[in-house]
Undergrad: 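After the structure tokens below, expect a handful of questions from me.
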Amino acid sequence: MSENGDKSISITDRTKAFAIRIIKACSFLDEKPGVCRTLSKQMLRSGTSIGANVHESRSAQSDKDFLHKMEIALKEARETEYWLEILIESEVVEKGKFDSLLQETKEIVRILIASTRKIKERLNGSKSNGRRMEAASEN
């Protein structure tokens, strides 16, 4: 469930809200010296890219294009998850400050996995139906 407790929030709105949280977290990290700034830039790029790709997918030219954009969003979500885990496990940040952000990342990953799986099934189903129709027309 999202931070606001609403399961019905769209993935577009959810990833946009997530990007805003990432921006705030990176602003916090940028105030710290050393390695935090470098990791912050990595996480800022991947964390905001998730929502950008989901948003862009709304204008996809085909199901394949939509799938491609959602798979990029998934890759970026997994990268963001990695940076958050590194920050927490290295004790560069307090677990309590970033744990809810990590949990939201994991939920977004699960949603994107489910979405891309459904799209792939639909695409594979339409290919199978097309082949069956071709075979039937040959007889």
Undergrad: Do Val54 and Ile20 sit in one hydrophobic cluster, given that two such residues count as connected whenever their side-chain heavy atoms are within less than 4.5 Å of each other, even indirectly?
TA: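 In one cluster: no.
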Undergrad: How many angstroms lie between CG in Asn53 and CD1 in Ile72, if you round to the nearest 0.5 Å?
TA: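 With rounding to 0.5 Å, CG (Asn53) is 5.0 Å from CD1 (Ile72).
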Undergrad: Run the numbers on Leu112 and Ile50 for side-chain contact (heavy atoms from CB on, under 4.5 Å), then give the verdict.
TA: CA-CA 10 Å; Leu112 291 171; Ile50 303 163; 4.2 Å; yes
Undergrad: Out of curiosity, His68 NE2 to Thr116 OG1, how far, rounded to the nearest 0.5 Å?
TA: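 Output value for this atom pair is 13.0 Å.
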Undergrad: Using side-chain heavy atoms (C-beta onward) and a distance below 4.5 Å, is Arg78 in contact with Ile113?
TA: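 In short, these two side chains touch, coming nearer than 4.5 Å.
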Undergrad: Supply the atom-to-atom distance Leu67 CG to Leu74 CG, rounded to the nearest 0.5 angstrom.
TA: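 Answer for the CG-CG pair, Leu67 versus Leu74, is 10.0 Å.
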Undergrad: Side chains of Phe98 and Leu29: closer than 4.5 Å at any heavy-atom pair?
TA: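 Side-chain contact under 4.5 Å: yes.
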Undergrad: Once rounded to the nearest 0.5 Å, what's the spacing between atom OG of Ser115 and atom CD1 of Ile108?
TA: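 That separation rounds to 11.5 Å.
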Undergrad: I need the minimum non-hydrogen distance between Phe28 and Lys97, along with the two atoms involved.
TA: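 Answer, listing the atom of Phe28 first, then Lys97: CZ-CD, 4.0 Å.
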Undergrad: When rounded to the nearest 0.5 angstrom, what is the spacing between CD1 in Ile22 and CG in Leu101?
TA: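 Here the interatomic distance stands at 4.0 Å.
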Undergrad: Taking C-beta and beyond as the side chain, do Leu102 and Glu81 meet within less than 4.5 Å on heavy atoms?
TA: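 Touching, per the 4.5 Å side-chain cut-off.
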Undergrad: Looking at Val92 and Ser90, what are the two nearest heavy atoms and their distance?
TA: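 So the minimum-distance heavy-atom pair works out to CG2-OG, 3.0 Å.
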Undergrad: Once you round to the nearest 0.5 Å, how far does CD of Glu71 lie from CZ of Phe66?
TA: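 These two atoms lie 11.0 Å from each other.
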Undergrad: Does anything in residues 23-38 pair up under side chain to side chain donor-acceptor pair (under 3.5 Å), and if so which pairs, sequence neighbours excluded?
TA: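 Every pair satisfying side chain to side chain donor-acceptor pair (under 3.5 Å) with a residue in residues 23-38: Asp30-Ser40.
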Undergrad: Among Val93, Leu87, Leu44, which residue satisfies the side chain to side chain contact (heavy atoms under 4.5 Å, CB included) criterion with Leu39?
TA: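 Between Leu39 and the candidates, side chain to side chain contact (heavy atoms under 4.5 Å, CB included) is satisfied uniquely by Leu87.
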Undergrad: Search all heavy atoms of Arg122 against all heavy atoms of Asp63 and return the closest pair with its distance.
TA: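 Arg122 and Asp63 have their closest heavy atoms at NH2-OD1, 3.5 Å.
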Undergrad: Filter on salt bridge (charged side-chain N to carboxylate O under 4.0 Å, His left out), then keep only pairs touching residues 84-95, sequence neighbours left out; what's left?
TA: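 Qualifying pairs: Glu85-Lys106, Lys95-Asp99.
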Undergrad: Could you report the tightest heavy-atom contact between Ala77 and Val109, atom names first, then the distance?
TA: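 Of all heavy-atom pairs spanning Ala77 and Val109, the closest is CB-CG2, 3.7 Å.
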Undergrad: Is the number of heavy atoms from other residues, nucleotides or ligands within 6.0 Å of OH (Tyr82) greater than 12?
TA: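 For Tyr82, atom OH is not crowded (no more than 12 foreign heavy atoms under 6.0 Å).
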Undergrad: Mark yes or no for whether Asp65, through its side chain, and Gln61, through its backbone, hold a donor-acceptor pair below 3.5 Å.
TA: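 Confirmed, Asp65 side chain pairs with Gln61 backbone.
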Undergrad: List the atom of Met43, the atom of Thr80, and the distance in Å for their closest heavy-atom pair.
TA: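 Heavy atoms only, the tightest pair is CG-CG2, 4.2 Å.
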Undergrad: Test your reading of the model: is there a side-chain donor-acceptor pair from Ser49 to the backbone of Ser46, 3.5 Å cut-off?
TA: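 Not confirmed, Ser49 side chain does not pair with Ser46 backbone.
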